[in-house]
A.B. asks: 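Can you read through this structure? Questions will come right after.
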There are 2 protein chains.
Amino acid sequence: MEMDRVELRQLRYVVAVAETRNFTRAARQCFVAQSALSHQIGSLERELGVKLFARTSRRVELTPAGEAFLVGARQSLEAADRAVSDAAAAVGEVRGRLAVGIIPTVTAVDIAAVLQRFRERHPHVRVGLHVGASDVMAAEVAAGDLDVAFLGLAAGNPPQGVEARELGRGPLVAVVSGRRGAARRRRVSHARARGPRRGRPPSARGLALRRLSRRFGRPGAE
Amino acid sequence: MEMDRVELRQLRYVVAVAETRNFTRAARQCFVAQSALSHQIGSLERELGVKLFARTSRRVELTPAGEAFLVGARQSLEAADRAVSDAAAAVGEVRGRLAVGIIPTVTAVDIAAVLQRFRERHPHVRVGLHVGASDVMAAEVAAGDLDVAFLGLAAGNPPQGVEARELGRGPLVAVVSGRRGAARRRRVSHARARGPRRGRPPSARGLALRRLSRRFGRPGAE
DNA sequence: TTGGATTACGCGTGTCGTAACGATC
DNA sequence: GATCGTTACGACACGCGTAATCCAA
């Protein structure tokens, strides 16, 4: 058939319109202006010689042809997605999402540099940074809302239901959920003795974070 | 996953390279310069952060990641192809029989290639090819024995009872029955000026046939 | 030296966004 | 009049081709 000019961009737009039944919302969902989306849809329809949507200026409906097209369009997008996932998996790339908690102290500035390097190494891990109180975040880690948190606790007071490692002489402690099986399999080589009170970036903590990512960053961990 | 920048164009190129194991031949197969293909492949690899091909400057091999990617890439292209086919089918796939007449001149070799492409596009149309003299076939078209004929006539002598379009400066003329209502609804954008005497394949004539098929190939036309 | 992939660079097309327009409720 | 899709138009980016470069046999 003559699909040489069809591109995934158009399929994405078609699916978005089919889902929202509304060009404007579909455009927002695709992060484009809706004129761009309208143009692409129209271009595709002209290319196919077939109307995919019936616009009645208050409601957008799929035509029978649009319904038929939608099936293959979704499959095509899913297959493309599988392709990139499988390629990444073949080389064992780190993917997924990582929710990190930190306390609002001077250590936060170090985290910024660490995260930058982390993102360079693992560009496909979506990192979410959450700032809060130590005890609250310890609970969030236990609940699974956070994957890992850097926080300060009293020395003789290890948090419950989570796994903790002391990273330095200072009060800084990494806390991860104790329910995570992977967390128990390997040990975290904790940071060398260098307290956060020093102004220098404690790169060892970056190392710890990088190691942590090996476990929590995988697709299954999310 | 992160496939928002991946496009079918890149998948087509990847498949072509995987098939030919050679960038140059793949580029020819895709009707582009191999620099363009190289650029797209490289761009995709950079986007994925994964090498899909191992170039050893005399042989191009798929990496394991490339093999993994190829599977989904092929499926994606096939699904997209299905999408456009199904959309076309939903609005009335081209079916029926088409009786084509041609004159036994050099134009016949072009017809062969055109018909091959036509059959790929419309596998459910039974095409019958009939060779004969121009005046005889013009009469057959008028009688409905032929659906369309490519033939040569004197310039000032339009055939009676049929609709004719001049396809080029040369004597080649398409003749269809004047009784066909569909033939009057739209105009044929006739071929650009390139006489059949040139040895080059006049692709414009293929275009004309493809356009004709839109009308006569429909179920109602048979 | 030849075959073949990458890189550099100018150019055309395509895609996007802003904005004006049109249509419908 | 409000909402939503289309059309117009200018700007920017992207993909492409020509050609120079590099690399291996």
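Reckoned from all heavy atoms, side chains included, excluding hydrogens, waters and symmetry mates. Note on naming: letters A, B, ... go to the chains in the order of the sequence lines (proteins, then strands), and numbering restarts at 1 for each one.
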A.B. asks: Keeping to residues at least two apart or across chains, list the salt bridge (charged side-chain N to carboxylate O under 4.0 Å, His left out) pairs with something in residues 36-46 of chain B.
C.D. replies: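 Residue pairs with at least one partner in residues 36-46 of chain B: B/Glu45-B/Lys51, B/Glu45-B/Arg55.
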A.B. asks: A/Ala80: which residues meet the side chain to side chain contact (heavy atoms under 4.5 Å, CB included) condition with it, sequence neighbours left out?
C.D. replies: A/Leu8, B/Met3, B/Leu11, B/Ser76
A.B. asks: With B/Gln75, which residues qualify under side-chain hydrogen bond (donor to acceptor under 3.5 Å, both in side chains), at least two apart?
C.D. replies: A/Arg82
A.B. asks: At 10 degrees resolution, what angle do the end axes of the helix from C/dT1-D/dA25 to C/dC25-D/dG1 form when each is taken over five base pairs?
C.D. replies: 30°
A.B. asks: Specify the separation, in whole Å, of atom CZ of B/Arg12 and atom P of D/dC16.
C.D. replies: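 So the two atoms are 10 Å apart, to the nearest Å.
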A.B. asks: Measure the distance from CZ on B/Phe53 to C1' on C/dG4 and round it to the nearest whole Å.
C.D. replies: 15 Å
A.B. asks: Would you call B/Leu44 and B/Val6 a side-chain contact if the rule is heavy atoms closer than 4.5 Å?
C.D. replies: yes
A.B. asks: I'd like a list of close polar pairs between nucleotides 8-15 of chain C and the protein, N/O only, cut-off under 3.5 Å.
C.D. replies:
unit_1 : atom_1 : unit_2  : atom_2 : d
C/dT15 : O5'    : A/Gln40 : NE2    : 3.2

A.B. asks: Quick one: B/Glu45 CD to C/dT6 C1', roughly how many Å, whole number?
C.D. replies: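 Atom CD in B/Glu45 sits about 12 Å away from atom C1' in C/dT6.
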A.B. asks: With a 4.0 Å limit, can you tell me whether B/Ser38 has a side-chain N or O closer than that to the phosphate oxygens OP1/OP2 of C/dT7?
C.D. replies: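 Looking at the OP1 and OP2 atoms of C/dT7, neither is under 4.0 Å from any side-chain N or O of B/Ser38.
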A.B. asks: Closest to the A/Val32 side chain: D/dC4, D/dT6, C/dG17?
C.D. replies: C/dG17
A.B. asks: With a 4.0 Å cut-off on N to O distance, would you call A/Glu7 and B/Arg12 a salt bridge?
C.D. replies: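 B/Arg12 and A/Glu7: salt-bridged.
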A.B. asks: Can you check the B/Gln34 CD to D/dG15 P distance for me, whole Å?
C.D. replies: 17 Å
A.B. asks: Please give, in whole Å, the distance from C/dG4 P to B/Leu37 CG?
C.D. replies: 14 Å
A.B. asks: With a cut-off of 3.5 Å and sequence neighbours excluded, list every side-chain donor-acceptor pair involving residues 23-36 of chain A.
C.D. replies:
unit_1  : atom_1 : unit_2  : atom_2 : d
A/Arg25 : NH2    : A/Thr20 : O      : 3.3
A/Gln29 : NE2    : A/Glu19 : OE1    : 3.1

A.B. asks: A/Val131 versus A/Ile102: any side-chain heavy-atom pair under 4.5 Å?
C.D. replies: yes
A.B. asks: Measure CG/B/Asp4 against C1'/D/dC14 and give the value in whole Å, please.
C.D. replies: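 Rounding to the nearest Å, CG of B/Asp4 and C1' of D/dC14 are 17 Å apart.
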A.B. asks: Using the test salt bridge (charged side-chain N to carboxylate O under 4.0 Å, His left out), find all partners of A/Glu140 that sit at least two apart in sequence or belong to another chain.
C.D. replies: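 Result, salt bridge (charged side-chain N to carboxylate O under 4.0 Å, His left out) vs A/Glu140: none returned.
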A.B. asks: Check whether any side-chain heavy atom of B/Val15 sits under 4.5 Å from a side-chain heavy atom of B/Arg74, and report yes or no.
C.D. replies: yes
A.B. asks: Output the rounded distance in Å from CZ (A/Arg25) to C1' (D/dT3).
C.D. replies: 11 Å
A.B. asks: Using side-chain hydrogen bond (donor to acceptor under 3.5 Å, both in side chains) as the criterion, list what pairs up with B/Arg9, not counting sequence neighbours.
C.D. replies: none
A.B. asks: If the condition is side chain to side chain contact (heavy atoms under 4.5 Å, CB included), which residues does B/Arg21 pass it with, not counting sequence neighbours?
C.D. replies: B/Glu61, B/Leu62
A.B. asks: Distance check needed: C/dA23 C1' versus A/Arg59 CZ, whole Å only.
C.D. replies: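 In whole Å, C/dA23 C1' lies 15 Å from A/Arg59 CZ.
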A.B. asks: Side-chain N or O of B/Asn22 versus OP1/OP2 of C/dG3: is the shortest distance under 4.0 Å?
C.D. replies: no
A.B. asks: Give me the distances for all protein-to-nucleotides 21-25 of chain D N/O pairs that come in under 3.5 Å?
C.D. replies:
unit_1 : atom_1 : unit_2  : atom_2 : d
D/dA24 : O4'    : B/Ser57 : OG     : 3.2

